[in-house]
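Below is one structure; the comments refer to it alone.
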2 protein chains.
Amino acid sequence: MDTEKYTGILRENGIKVTPQRLEVLRFLDKNRIHPTADDIYRALKKDNPSLSKTTVYNVLDILSKYGLVEVLTISGTESRYDYKSTRHQHFLCTSCGRIVDIHIKGLCMDCMPEKGHKVEEVHGYFKGTCRDCLKGVGG
Amino acid sequence: MDTEKYTGILRENGIKVTPQRLEVLRFLDKNRIHPTADDIYRALKKDNPSLSKTTVYNVLDILSKYGLVEVLTISGTESRYDYKSTRHQHFLCTSCGRIVDIHIKGLCMDCMPEKGHKVEEVHGYFKGTCRDCLKGVGG
DNA sequence: ACCTTATCTGTAATGATTACAATGTAGTAT
DNA sequence: ATACTACATTGTAATCATTACAGATAAGGT
Ligand SMILES: [Mn+2]
Ligand SMILES: [Mn+2]
Ligand SMILES: [Zn+2]
Ligand SMILES: [Zn+2]
């Protein structure tokens, strides 16, 4: 199921294809909820009981190194991971812990006024209380 | 030296004044280099050998809770602290580890298009290689 | 099948942060 | 001034995400 898609992505980037890499990449593509490494580990361990958490970290490292996955440091206590797609920003609800996508303009690689630095990543992080939590509905 | 300034700031915010709180606040005001908790601890311990690292964390907690200090999670591995002044963004050099201030427009509390969320913090994080490191001068 | 090399796994170590209990301090009431 | 109270500070132990490491495994080329 969908294996060709992720196999192709890895091959195009010169990353050796392994079942673990396929699974992590697929999981992030199908679950755009900015999971932690442990979330990914626990989810994938169901179908692959021999999976090691170290492998999850190793896979996330290589995927982010090749730009296929984005690492979010918004929470400060743990990294959250995002399938790299179109550029967007993030809002962390400090009440329920969810991270939601935000689309704003004017925040990009080229918008940095200070000259001479080589910019490789741009993150817009918003924090506060999400709509659901304000209504008392949130998790 | 300058004690009145920081005493006043703490009092205005209803924060009880203690020598440790004054020292941390003063250090952050005088050292706009986005230090870690450990940086602050080691610097202040010189003049106050009985200082505890737990106290540094406690002080930073309360100062950030009252909005006098900003917590930066840009590095992902450790928090960096910034005396809260005028709004600005940050650039982390992944080579030398320094964080430099960046001033861009169009990133503010009210620029978030999604409605209904209560925004309390906005961070613009850039990452890359700083000018000095590109020149081979960086630390 | 064999060899080489990279990956995966499990466990131990690291390091920043937090929890906790004992001690110290400042202000207030007696 | 002394006793009381509440809070701050300190030192140590615990936590938790992440990394280091060494042995087992698997893939690709001969
Ligand atoms: Mn996202
Ligand atoms: Mn700054
Ligand atoms: Zn929420
Ligand atoms: Zn640099």
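Letters A, B, ... are given to chains in the order of the sequence lines, protein chains preceding strands, and every chain is numbered from 1.
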To the nearest angstrom, how far is A:Asp61 atom CG from D:dT18 atom C1'? 10 Å
Which residue lies toward the 5' end of DNA chain C, A:Ile62 or A:Tyr41, if each is placed at its nearest nucleotide? A:Ile62
B:Thr55 near the nucleic acid: base, sugar-phosphate alone, or nothing, with a heavy-atom cut-off under 4.0 Å? base
How close or far is atom P of D:dA27 from atom CG of A:Leu10, stated in whole angstroms? 15 Å
Distance-only side-chain donor-acceptor flag, B:Asn58 / B:Thr55, under 3.5 Å: no
Centroid-centroid distance, B:Phe126 to B:His90, less than 6.0 Å: no
Out of C:dG10, C:dT17, C:dT18, which has the shortest distance to the side chain of A:Ser52? C:dG10
Give B:Thr36 one of three labels, base, sugar-phosphate or nothing, depending on what nucleic acid heavy atoms sit under 4.0 Å from its own. nothing
Between B:Lys16 and B:Thr77, the residue closer to the 5' end of DNA chain D by nearest nucleotide is B:Lys16
Considering only C:dT9, C:dT17, D:dT18, which nucleotide approaches the side chain of B:Ala37 most closely? C:dT17
In whole Å, what is the span from the CG atom of A:Leu22 to the P atom of C:dC8? 10 Å
Length of the CD1-C1' vector between B:Ile15 and D:dT9, whole Å: 17 Å
Output the rounded distance in Å from CZ (A:Arg21) to C1' (C:dC8). 10 Å
Can you name the closest pair of heavy atoms from A:Lys30 and A:Tyr6 and give their distance? CE-OH, 3.6 Å
Please work out if A:Asn58 contacts a base, only the sugar-phosphate, or nothing of the nucleic acid, heavy-atom cut-off 4.0 Å. base
Given D:dT19, C:dT9, D:dT10, which nucleotide is nearest the side-chain atoms of B:Asn48? D:dT10
Counting only side-chain heavy atoms from C-beta out, which of D:dT18, C:dT7, C:dT9 sits nearest to A:Thr18? C:dT7
Between D:dA17, D:dT9, C:dC8, which nucleotide has the shortest distance from any of its atoms to the side chain of B:Val59? D:dT9
A:Ile74 to A:Phe91 - nearest heavy-atom pair and separation: CD1-C, 4.5 Å
Rounded to the nearest angstrom, tell me the gap between atom CZ in A:Arg42 and atom P in D:dC16. 13 Å
Write down the distance between OH (B:Tyr57) and C1' (C:dC20), rounded to a whole number of angstrom. 17 Å
Report yes if at least one side-chain N or O of A:Ser79 is closer than 4.0 Å to OP1 or OP2 of D:dT18; otherwise report no. yes
For B:Leu107, is there any backbone N or O sitting under 3.5 Å from a side-chain donor or acceptor partner on B:Arg87? yes
If you take the centroid of each ring, where Trp contributes its six-membered ring, are B:Tyr81 and B:His34 closer together than 6.0 Å? no
Whole angstroms only, please: what is the NZ-P distance between B:Lys45 and D:dT10? 8 Å
Of the listed nucleotides D:dA8, D:dT9, D:dT18, the one nearest the side chain of B:Gln20: D:dT9
Side chain of A:Leu51: nearest nucleotide among C:dT7, C:dT17, C:dT9? C:dT9
Once hydrogens and angles are ignored, does a donor-acceptor distance under 3.5 Å link the base of C:dA19 to the side chain of B:Thr54? yes
